[in-house]
Amino acid sequence: MKQLQEDLWQSTIHSMDTLNTYAYFLRRPEGNVLFYNTGNDGDLEKIAELGGMQFQLLSHRDESGPSLKRIKDRFGSKLCCSALEAPVIGKDVLIDVTFQEEDHHLGDIDIIHTPGHTAGSICFFYKSPYGKSYLFTGDTIFQSDGKWATLAFPKAGGSDASLADSLLRLRNLKPDIVMSSAFVGDVSFVEVTGDEWVQTIDDNVSRLRKES
């Protein structure tokens with residue numbers, strides 16, 4: 001795992017053709033968290049060295065897989081996801097916490113319901129005590145060859161219209177670091193300024209509304 005910040009690590013890359021994914025590990029006083037998913041043995045060893053984890057947070061169904069059970073069995077962590085994604089993710093492993101539409105916090109982590117990529121996609125926002133804020137976007141908005149992109153999966157309940165509305169929920173968050181789950185190319189996460197982030201959201205909302 002690669003350390004990005006005082007309390008934040010990035011997993012080993014997992015690649016499937018042109019699509020890549022990372023997971024992110026966060027150390028926090030209220031309990032360590034793994035965002036997304038990794039089945040890499042080296043990653044799990046490092047997480048154990050860093051104190052294990054209390055929660056694993058999935059942004060949507062595409063992060064499911066056999067490694068979820070391995071992680072739960074090893075660390076005794078609670079697996080969390082949107083209630084709308086649970087029927088799919090639950091085929092792989094028992095889910096401990098399902099977030100309903102009215103759920104907006106897991107301790108000091110903000111839960112942002114952002115349907116559009118899939119029906120129950122969610123994002124997570126955390127203000128680190130070390131000064132920076134982290135936004136975990138899943139696949140709601142992601143890097144594609146160095147540019148921000150979006151993609152709706154209608155067969156999974158997504159749509160361009162709902163994705164545009166969801167992006168607006170992220171517009172005023174003022175993140176310092178934005179980390180998607182999947183990405184294409186060499187850029188996986190981006191440090192942004194407030195103006196850059198607002199422009200990114202506005203550009204993608206405009207495109208989605210033209211296409212919907």
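Throughout, numbering of the chain's residues begins at 1 and tracks the sequence.
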Find out if a path of hydrophobic residues (ILVMFWY) with successive side-chain heavy-atom gaps under 4.5 Å connects [X] to [Y].
| X | Y | result |
| --- | --- | --- |
| Ile141 | Leu168 | yes |
| Val97 | Leu58 | no |
| Phe189 | Trp197 | no |
| Phe55 | Phe99 | yes |
| Leu163 | Val178 | yes |

Review point. For Ser206, what residues pass the side-chain hydrogen bond (donor to acceptor under 3.5 Å, both in side chains) criterion, not counting sequence neighbours?
Key: none
For atom [atom1] of [X], decide whether the heavy atoms of other residues, nucleotides or ligands shown that lie under 6.0 angstrom number more than 12.
| X | atom1 | answer |
| --- | --- | --- |
| Asp195 | CG | no |
| Glu101 | CD | no |
| Lys72 | NZ | yes |

State, to 0.1 Å, how close [X] and [Y] come at their nearest heavy-atom pair, and which atoms those are.
| X | Y | result |
| --- | --- | --- |
| Pro175 | Ser133 | CA-OG, 3.3 Å |
| Ala83 | Thr98 | CA-CB, 3.9 Å |
| Asn37 | Gly65 | ND2-N, 4.3 Å |
| Val187 | Gly146 | CG2-CA, 4.2 Å |
| Ala119 | Leu84 | O-CD1, 3.6 Å |
| Ser180 | Ala182 | OG-O, 2.8 Å |

Review point. Would you say the side-chain atoms of Thr140 and Thr137 include a donor-acceptor pair closer than 3.5 Å?
Key: no
**Study point:** Gln10 and Ser188: side chain donor to acceptor below 3.5 Å
**Key:** yes
Any chance you could measure [X], atom [atom1], to [Y], atom [atom2], to the nearest 0.5 Å?
| X | Y | atom1 | atom2 | answer |
| --- | --- | --- | --- | --- |
| Asp108 | Phe125 | CG | CZ | 11.5 Å |
| Met1 | Leu44 | CE | CG | 8.5 Å |
| Leu4 | Lys132 | CG | NZ | 10.0 Å |
| Leu34 | Met53 | CG | CE | 4.5 Å |
| Ile111 | Gln100 | CD1 | CD | 10.5 Å |
| Asp73 | Ser67 | CG | OG | 11.5 Å |

Practice item. Might you work through the side chain to side chain contact (heavy atoms under 4.5 Å, CB included) test for Tyr134 and Asp7, ending with a clear yes or no? Key: CA-CA 11 Å; Tyr134 311 146; Asp7 54 357; 2.6 Å; yes
Exercise for review: Could you list the residues that satisfy ring-ring contact (aromatic ring centres under 6.0 Å, His included) with Phe124, not counting sequence neighbours?
Suggested key: Phe35
Side chains of [X] and [Y]: does their closest heavy-atom pair fall under 4.5 Å?
| X | Y | value |
| --- | --- | --- |
| Val192 | Thr200 | no |
| Tyr36 | Tyr24 | yes |
| Ile109 | Leu57 | yes |
| Ile71 | Phe75 | yes |
| Asn40 | His14 | no |
| Val190 | Glu196 | no |
| Leu19 | Val184 | yes |
| Met179 | Leu8 | yes |

Please check this pair: side chain of [X] against backbone of [Y], looking for a donor-acceptor N/O pair closer than 3.5 Å.
| X | Y | answer |
| --- | --- | --- |
| Gln54 | Asn32 | yes |
| Ser64 | Arg61 | no |
| Asn20 | Met16 | no |
| Gln3 | Glu6 | yes |
| His113 | Asp103 | yes |
| Ser82 | Ser121 | no |
| Ser166 | Pro115 | yes |
| Gln143 | Ala149 | no |
| Trp9 | Asp43 | no |
| Asp92 | Pro66 | no |

Exercise for review: Please report the C-alpha distance between Glu85 and Thr118 in whole Å, then the side-chain angles of each, then the deciding distance to 0.1 Å, and finally whether the side-chain hydrogen bond (donor to acceptor under 3.5 Å, both in side chains) criterion is met.
Suggested key: CA-CA 8 Å; Glu85 301 294 285; Thr118 64; 3.2 Å; yes
Practice item. Would you sort out whether Asp203 and Gln199 count as a side chain to side chain contact (heavy atoms under 4.5 Å, CB included), showing the intermediate values? Key: CA-CA 6 Å; Asp203 289 347; Gln199 189 63 56; 2.7 Å; yes
Check your understanding: Salt bridge check: are Arg209 and Asp165 linked by an N-O gap of less than 4.0 Å?
Key -> yes
Point to revise | Residue pair Asp41, Arg70: steps toward the salt bridge (Lys or Arg N to Asp or Glu O under 4.0 Å) verdict | key: CA-CA 10 Å; Asp41 289 336; Arg70 288 174 54 207; 2.5 Å; yes
Exercise for review: Kindly determine whether Val205 and Arg171 satisfy side chain to side chain contact (heavy atoms under 4.5 Å, CB included), including the steps that lead there.
Suggested key: CA-CA 10 Å; Val205 167; Arg171 188 178 188 273; over 6 Å; no
Check your understanding: Does the pair Tyr126 and Phe136 meet the rule for a ring pair (Phe, Tyr, Trp, His ring centres under 6.0 Å), with working shown?
Key -> CA-CA 9 Å; Tyr126 177 74; Phe136 303 89; 8.0 Å; no
Point to revise | Intermediate values then yes/no, side chain to side chain contact (heavy atoms under 4.5 Å, CB included), Ile89 and Glu63 | key: CA-CA 8 Å; Ile89 297 169; Glu63 293 152 11; over 6 Å; no
Study note, to complete from the structure: Using a 4.5 Å side-chain heavy-atom cut-off and chaining through intermediate ILVMFWY residues, the residues clustered with Phe142 come out as Leu151, Phe153
**Study point:** Arg207/Asp160 under salt bridge (Lys or Arg N to Asp or Glu O under 4.0 Å): CA gap, chis, key distance, verdict
**Key:** CA-CA 9 Å; Arg207 178 183 58 79; Asp160 287 346; over 6 Å; no
